Amino acid sequence: MFNSDLPGRSGPDACPGALQVHAAADGGLARVRIPGGAVTAGQLRAVAAAARELGSGVIELTSRANLQVRGLPLPPDACGGAERAPAEAPDFAARMAAAGLLPSATHERVRNIVASPLAGRSAAGGRDVRPLVAELDRALCARPGLAELPGRFLFALDDGSGDVAALEADVTLRPVAAADESEAALLLAGADPGLRAPSGAETAGLLAVAEAFLAERAAQGSRAWRLRELADGPAHVAARAVQLEPRLRRSAARPPEAYAAETGADGAGFVVGVVGQRDGRVALAVLPPFGRLTPAQAEALAAAAGDGAGEVRVTPWRTVVVPDLTPADAGRWRARLAEAGLVADPASPWLGVTACAGRPGCAKSRADVHADIRAALGDPRPDADDSRDAVRSPTDAGRIPAHWAGCERRCGRPHGRVVDVVATTHGYRVEADGVSRAFPGAEQTSAAVAATREGL
């Protein structure tokens, strides 16, 4: 049921951007939107240089497939750790604009678009949605009223593999059936209200949903940041969207399993290792521990991209994909990136482990969760068996993800079924499927987490 007093909704959405940065305990935090997760080798090098020269040298991958840079300078009166202490980072913003990563000052925080990372390349996905990502980004920035979207409103473009559809974005474009591009479904907050966009009207349909969300939010007198927070949001927003865009039509709603049955998609999006492409080339997917890159690692990824298409794909699962490599180049770069500290081994214990910033980056955190995880899991650069093929997510391997959080806010928690590891004043609390257990130290906690992930 809709709650007009949503937690944390006492004012405008304060998501950081490249122009407005968040005042964290370790300095300014800037977020750079990269629609579809696509970033060129040159752009990645620009972010790496800015992190090294202006920040603390930490580049974070977000669950919306964006990039964050930590430790930027703040004005003396900025309140560290405060939720609403925005500051400007003119030097950082200027660099991002020069790199082509800041095309709109008014819309930069609403350019949240995720897409299937291997769209146009994977045998699991039928439709190449990459052109639609660019089209949607341009059209979004061209509509002044959509600058009012909350920074958490999320567009998703699924190629039919079901990977980003599983994220239950505010609006998801997904093929209705395999090998049929005559129309696509528009899923709202993960639900199918029967809204369909014909070929050629996909971008108009996505933007109509965004405009309908803003109109319905105003009609309900809501401060909602996400469509699912509105009362009967999918039904009301779908009805408004059809009125705004006459090319949209209503059809019978379909359950998620119907899409999987027709497209052959299983919804698994998390892979590491070498992944075959349908053109004979391969993609290399690696996992940065904690979803964090050093400038040196970012530059190594940019160098690897030079042997492919000249770009990398950041994914919502905090991995990085280098597409369009030859098998020989992929094998060589897999070894080099693993040596740089990026996880390329599908058997690594680091797979499926995520964490918030923790101490010292967050003033609210009760623990240095990164140090505790490293003590438990060891060096992320084990002697990898490079003969292993890529595997699906930890869920498919019998393990579900585990998220370590320094406080009850659980920032950065991935979508779906997760083992929650929450720091307390006396250790950690491990929660899974309604069962909660407390442990005094990180070592006991880690052992319990490992057993829980395998047992669920």
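Everything quoted here is computed from the prediction, not taken from an experiment.
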Just by modelled atom types, is the [Y] backbone N or O under 3.5 Å from a matching donor or acceptor in the [X] side chain?
X      : Y      : answer
Arg359 : Ser365 : yes
Arg33  : Arg109 : yes
Ser116 : Ala119 : no
His426 : Phe439 : no
Arg437 : Val430 : no
Arg281 : Thr326 : no
Asp158 : Ser161 : yes
Arg228 : Glu168 : yes
Ser56  : Arg70  : yes
Glu108 : Ala18  : yes

Can you name the closest pair of heavy atoms from [X] and [Y] and give their distance?
X      : Y      : value
Ala24  : Gly361 : CB-O, 3.8 Å
Val286 : Pro288 : O-CD, 3.7 Å
Leu102 : Ala93  : CD2-O, 3.7 Å
Pro346 : Val272 : CA-CG2, 3.6 Å
Leu227 : Ala189 : CD2-CB, 4.1 Å
Ala298 : Leu44  : O-CD2, 3.3 Å

Distance in Å, [X] [atom1] paired with [Y] [atom2], rounded so as to fall on 0.5 Å steps:
X      : Y      : atom1 : atom2 : result
Gln277 : Ser122 : CD    : OG    : 8.5 Å
Ile373 : Thr445 : CD1   : OG1   : 10.5 Å
Asn112 : Arg64  : CG    : CZ    : 5.5 Å
Leu287 : Leu342 : CG    : CG    : 8.5 Å
Asp163 : Thr315 : CG    : OG1   : 9.0 Å
Arg152 : Asp170 : CZ    : CG    : 11.5 Å

A side-chain contact here means heavy atoms from C-beta on lying under 4.5 Å apart; do [X] and [Y] qualify?
X      : Y      : result
Leu54  : Val69  : no
Thr452 : Asp433 : no
Arg130 : Arg313 : yes
Arg374 : Trp350 : yes
Asp279 : Arg121 : no
Glu299 : Arg52  : yes
Val369 : Phe290 : no
Cys411 : Lys364 : no

- Message: If you apply the rule side-chain contact (heavy atoms from CB on, under 4.5 Å), what do you find for Leu101 with Arg95, and how did you get there?
- Response: CA-CA 9 Å; Leu101 291 169; Arg95 291 190 184 211; over 6 Å; no
- Message: If you apply the rule side-chain contact (heavy atoms from CB on, under 4.5 Å), what do you find for Leu325 with Arg332, and how did you get there?
- Response: CA-CA 10 Å; Leu325 297 170; Arg332 177 169 57 88; over 6 Å; no
- Message: Quick one, Trp333 with Asp307, criterion side-chain hydrogen bond (donor to acceptor under 3.5 Å, both in side chains). Give me CA distance, side-chain angles, the key distance, then yes/no.
- Response: CA-CA 9 Å; Trp333 279 110; Asp307 283 339; 2.8 Å; yes
- Val271 and Trp317: side-chain contact (heavy atoms from CB on, under 4.5 Å), yes or no, with the steps? CA-CA 9 Å; Val271 296; Trp317 305 279; over 6 Å; no
- Would Val209 and Leu195 count as a side-chain contact (heavy atoms from CB on, under 4.5 Å) if you check the C-alpha gap in whole Å, the side-chain angles of each, and the deciding distance to 0.1 Å? CA-CA 10 Å; Val209 169; Leu195 195 60; 3.9 Å; yes
- Taking atom CD of Glu443 as the centre, report whether more than 12 heavy atoms of other residues, nucleotides or ligands fall under 6.0 Å from it. no
